[in-house]
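Along the sequence shown, the residues carry numbers beginning at 1.
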Amino acid sequence: MSKERARRRAAREAERARAMRLNEERQARRARRRALLARLVPRPVRFYRQGGVLARRHRAQNAVVALGFLLVQVATWLVWGSLAVSLAVLVFSLLLAPVVVTLAFDRRI
């Protein structure tokens with residue numbers, strides 16, 4: 001009886017060792033695959049928003065500048081309606097936007 005139990009225990013231990021070996025091989029393959037993918041696929045660049053008081057103020061100032069820019073473009077289109085005038089005001093506004101930011105908010109873009 002004890003020889004039979006010893007033989008069954010040995011078979012269970014052998015099966016458990018085989019399962020552990022297969023699991024380790026599977027994990028090693030998975031790790032190699034992940035390492036290969038990490039080398040081949042570039043990571044996306046993530047931009048994180050800063051949350052301080054200055055960052056909030058700059059976002060608000062940028063929103064004011066963008067809204068003013070948009071209002072100037074809409075007013076130009078409504079008043080003149082000419083494509084040539086609208087394009088000229090667009091180019092002028094693009095050139096003038098950094099000056100407005102620097103003068104109005106005392107900061108460099």
Side-chain angles (χ1 to χ4, degrees):
M1 191 69 157
S2 66
K3 288 183 182 180
E4 180 66 25
R5 282 188 298 189
R7 193 168 37 100
R8 282 186 274 174
R9 183 174 59 238
R12 281 193 313 266
E13 288 176 359
E15 180 63 28
R16 188 176 304 131
R18 183 171 112 10
M20 287 178 60
R21 189 180 68 244
L22 288 175
N23 189 22
E24 288 173 357
E25 289 173 0
R26 189 179 310 122
Q27 287 179 353
R29 276 194 311 269
R30 188 177 299 146
R32 285 193 303 268
R33 190 177 328 123
R34 284 183 183 155
L36 177 67
L37 279 175
R39 284 194 310 263
L40 293 178
V41 177
R43 289 186 181 179
V45 178
R46 296 196 174 151
F47 297 101
Y48 295 101
R49 281 176 59 171
Q50 294 184 359
V53 174
L54 288 177
R56 272 196 304 266
R57 186 183 318 156
H58 283 177
R59 280 194 297 273
Q61 290 172 353
N62 289 340
V64 167
V65 169
L67 183 64
F69 181 82
L70 186 65
L71 287 176
V72 166
Q73 299 309 311
V74 169
T76 302
W77 184 258
L78 290 176
V79 170
W80 282 285
S82 169
L83 184 62
V85 173
S86 295
L87 287 176
V89 170
L90 174 68
V91 170
F92 186 69
S93 297
L94 287 174
L95 292 174
L96 196 63
V99 175
V100 169
V101 170
T102 303
L103 293 177
F105 304 122
D106 193 31
R107 68 178 170 107
R108 312 284 189 263
I109 289 181

(message) Restricting to side chain to side chain contact (heavy atoms under 4.5 Å, CB included), what partner residues turn up for R43, sequence neighbours left out?
(response) none

Is it true that [X] and [Y] fall in one hydrophobic cluster, defined by side-chain heavy atoms closer than 4.5 Å?
{"X": "V72", "Y": "W80", "answer": "yes"}
{"X": "V100", "Y": "L90", "answer": "no"}
{"X": "F92", "Y": "L103", "answer": "yes"}
{"X": "L83", "Y": "L94", "answer": "yes"}

Value rounded to 0.5 Å, distance of [atom1] in [X] from [atom2] in [Y]:
{"X": "T76", "Y": "L71", "atom1": "OG1", "atom2": "CG", "answer": "10.5 Å"}
{"X": "R30", "Y": "Q27", "atom1": "CZ", "atom2": "CD", "answer": "6.5 Å"}
{"X": "R16", "Y": "M20", "atom1": "CZ", "atom2": "CE", "answer": "9.0 Å"}
{"X": "F105", "Y": "N62", "atom1": "CZ", "atom2": "CG", "answer": "8.0 Å"}

Quick one, [X] and [Y] - any side-chain contact, counting heavy atoms below 4.5 Å?
{"X": "L96", "Y": "V99", "value": "yes"}
{"X": "R26", "Y": "R29", "value": "yes"}
{"X": "L95", "Y": "V91", "value": "yes"}
{"X": "R56", "Y": "V53", "value": "yes"}

(request) Under the side-chain hydrogen bond (donor to acceptor under 3.5 Å, both in side chains) rule, collect the residues that match up with S93, sequence neighbours excluded. (result) Q73

(request) Taking all non-hydrogen atoms of both residues into account, name the closest pair between S86 and W77 and its distance. (result) OG-CE3, 3.1 Å

(message) Among R39, R33, R32, which residue satisfies the side-chain contact (heavy atoms from CB on, under 4.5 Å) criterion with L36?
(response) R39

(message) Can a donor-acceptor pair be found, under 3.5 Å and without considering hydrogens, that links the side chain of N23 to the backbone of A19?
(response) no

